[in-house]
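The structure appears right after this line, and notes come after that.
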Protein chains: 2
Amino acid sequence: MTDANATPRRATMKDVAALAGVGLSTVSRVVAGTAGVRADKVRRVERAIAELNFTRNDFARTLRTGNTATIGVIVTRLSDPFFAQLAHAVQERAQSEGMLVLIASASDDPEQATRVLQSVVSRRLDGLVVVVPEQTDVSYLQQEISGGTPIVLVDRPMAGVVADEVFADNAAGMSLAVDHLVAQGHTRIGCFVHTIGEFTADARRDGFVAAMAAHGLDADAELMPTVIEDAALIAPVLQAMLATDDPPTAIVTTNSPTTKATLRAIRAIDATLALVGFDDLDDADLMERSVTTIAQDPANMGQHAAELLMMRIRGIDAPIRRVVLGTRLVTRS
Amino acid sequence: MTDANATPRRATMKDVAALAGVGLSTVSRVVAGTAGVRADKVRRVERAIAELNFTRNDFARTLRTGNTATIGVIVTRLSDPFFAQLAHAVQERAQSEGMLVLIASASDDPEQATRVLQSVVSRRLDGLVVVVPEQTDVSYLQQEISGGTPIVLVDRPMAGVVADEVFADNAAGMSLAVDHLVAQGHTRIGCFVHTIGEFTADARRDGFVAAMAAHGLDADAELMPTVIEDAALIAPVLQAMLATDDPPTAIVTTNSPTTKATLRAIRAIDATLALVGFDDLDDADLMERSVTTIAQDPANMGQHAAELLMMRIRGIDAPIRRVVLGTRLVTRS
DNA sequence: TTGAAAGCGATACCAG
DNA sequence: CTGGTATCGCTTTCAA
């Protein structure tokens, strides 16, 4: 209240020590909760802390001790609910261990992702959960790992980085989708692949082909276009497919934007088709057309990633682990 | 590569200086990009940096300079898309200024929110964007503000904290909703309020009442129940309303979970009703029943919050500002 | 232009 | 039990 404008310098342990009439080390002990300080001194220190409104400077502490009690989560786009949930789960888990989580959003642009990743890495956090575009330059991550900073890769592997990993079982998921459709009598099934040359897209596409083969069915390349996640572009492709002699009666998609775009395309050209989408859709029950989906569980992925990281941070020296999480068929008719 | 297991100590500026054969300060200057170092020395230092794989320890830097180049964003739940988008927008804006963003998710539980908030505050970041449950204990935030850490409150005010604020114009939004329905000929309009005693809920409810009054219509208390965001609980309430002599022909809701729950309730009891929901719905175009909404723009809110914060961080000493952002009627029939 | 040296605020080892 | 004191790694005068 006195000296209202001049930003009052924050109290340090030295100030507390002076006011309490004890040594600096004693204050440090009290703050750290170390046992072995006489009760009356503890009280005096605590009173001084309250009076001066002291909070310890974590930067100094970190500089001295080297640990940050913080883990970093870098996801491609936080505005994507999948990643938001993933990040949230990591945070919840880490928090229960008293750690803080620095969440950073990297953007789809590999250049920018590299910068964000760099700036997080330079924070020397205790561990990192990483989901970035596959083209991102992550060469220095390996150095971090060998430098002792544990890293967990989620959703997709990164070339040149050997680390613990948490992935969805993409192939099994596609198998679930195909099994479901075949059980309903479909034999001409198409697969809309969201992109090419990326881990999840390729894995799901391959999974589709394998699942079809397992049923003795042919995965016709004509029915497996790589489609941009845009209804206006999907509609003509779909229409052309349906105009052939042997049109598909069902479609499987490889991610949720594609599922939504396909739903819009189907509506636009008023087609009749079964559809199974990879990744669950929120509020699918409210949709005009029911959609069966293959649900991944982002929260579960986040928990596993956090778990793995905590284990490494605690110094457990187990071999590199790859956790592959199952998916679930959510049937809606 | 040599000495593979013993975690190699990270190189420091001192190491770089030694290898490059220059003084410590020179290395610091090169790293900081300060002008006035002879080109050949710059080169030598850079070579040494590359060789030793040096990265500056930000904690030491922060300890010395006092600024973290990091802002904190605390939101109630990151798994809520609204907040995820908000946080993402802050991050994008901050990043373009070279700042990092620490995003923390606080949970709906005020106790836990308090702890998260505390731990973020103890990080002494350059600024904070805060959205926490209204019951959260934020007494110490005011100290932070007077201690020089700028804070921006988003979405809702917090008792006892005088800071810059970014809110949606809740009353005007409700007015948009009512105007729209009245223009369609509705006069008996209900309002499902998601809770009581919270800023947004109260503001929207009051806005509804005022908007009705502006049309000379009565906002019947019977038609303004406080409903839990659950279709099973809303259905009987709605059914009872419709069974009266003078049933509503339209409903306005005060947030998106309520909108969705109401959609489900309407479907469950097969009612015929117009509906306008506060907060836009993703993929509303794919829904069985079209829903007109009042859209807030979380990204815009985030940008404004970041802008305000940057301004304060730069030391602009303007009076406290309250930014009220407009909402938009998204008509779907 | 450059280097030496004094801190930033905590921790932790050592005597007492 | 307690209090000095030497760091942690960097920035920033201050002289040279």
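Lettering of chains follows the sequences in order, A, B, ..., and the numbering in each one begins at 1. Computed over heavy atoms, backbone and side chain alike; hydrogens, waters and symmetry mates excluded.
Across all strands, Val22(A) comes closer than 4.0 Å only to sugar-phosphate atoms, never to a base (heavy-atom distances). Nucleic acid contact for Ser25(A): base, since at least one base atom lies under 4.0 Å from a heavy atom of the residue. Using a 4.0 Å heavy-atom criterion, one finds that Thr12(B) contacts the sugar-phosphate atoms exclusively. Residue Val37(A) is in sugar-phosphate contact alone, with no base atom involved, counting any heavy-atom pair closer than 4.0 Å across all strands shown.
Residues of residues 53-67 of chain B that place a heavy atom closer than 4.0 Å to DNA chain C, in numerical order, are Leu63(B), Arg64(B).
Using a 4.0 Å cut-off, some side-chain N or O of Ser28(B) falls inside it from OP1 or OP2 of dT11(D).
Glu111(A) CD: 12 or fewer foreign heavy atoms inside a 6.0 Å radius. Within 6.0 Å of CG on Asp40(B) lie more than 12 heavy atoms contributed by other residues, nucleotides or ligands.
Listed by first and then second residue, the salt bridge (charged side-chain N to carboxylate O under 4.0 Å, His left out) pairs that reach into residues 304-314 of chain B are Arg93(B)-Glu307(B), Glu97(B)-Arg314(B), Asp164(B)-Arg312(B), sequence neighbours excluded. Within the structure, side-chain hydrogen bond (donor to acceptor under 3.5 Å, both in side chains) contacts touching residues 18-36 of chain A (residues at least two apart or in different chains) do not occur.
Closest-nucleotide positions on DNA chain C for Gly23(B) and Arg124(B) were compared, and the one nearer the 5' end corresponds to Gly23(B).
Here the closest heavy-atom approach between residue Phe199(A) and residue Pro157(A) is recorded as CG-CD, 3.2 Å. Counting all heavy atoms, side chain and backbone alike, Asp15(A) lies closest to Thr12(A) at OD2-N, 2.8 Å. Across all non-hydrogen atoms, the minimal contact from Ala106(A) to Val132(A) is CB-CG1, 4.2 Å.
Taking CE of Met13(A) as the reference point, atom CZ of Phe54(A) lies at 4.0 Å (rounded to 0.5 Å). Atom CG of residue Leu309(B) and atom CD1 of residue Ile71(B) lie 5.0 Å apart, to the nearest 0.5 angstrom. Here CG of Asp137(A) is found 7.5 Å from CD of Gln118(A). Values are rounded to the nearest 0.5 Å. Annotation: the span from Phe59(B) atom CZ to Thr68(B) atom OG1 amounts to 10.5 Å, rounded to 0.5 Å.
The separation between Met13(A) atom CE and dG3(D) atom C1' is 15 Å, rounded to whole Å. Rounding to whole angstrom units, CG of residue Leu24(A) and C1' of dT5(D) are separated by 10 Å. If you measure from atom CZ of Arg44(A) to atom P of dC1(D), you get 16 Å, rounded to the nearest angstrom.
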Below 3.5 Å between N/O atoms, which protein atoms pair up with nucleotides 14-16 of chain D? Just atom names and distances, please.
none

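Bracketed by its first and final contacts, the part of DNA chain C lying under 4.0 Å from non-hydrogen atoms of chain A reaches from dG9(C) to dC13(C) in 5' to 3' order.
Taken over five-pair windows at either terminus, the axes of the helix from dT1(C)-dA16(D) to dG16(C)-dC1(D) are inclined to one another by 40° (rounded to 10 degrees).
Checked for salt-bridge contact, Asp108(A) and Arg77(A) meet the test: a charged N lies under 4.0 Å from a carboxylate O.
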task = List the steps and the verdict of side-chain hydrogen bond (donor to acceptor under 3.5 Å, both in side chains) for Asp109(A) and Ser107(A).
result = CA-CA 5 Å; Asp109(A) 171 27; Ser107(A) 113; 4.9 Å; no
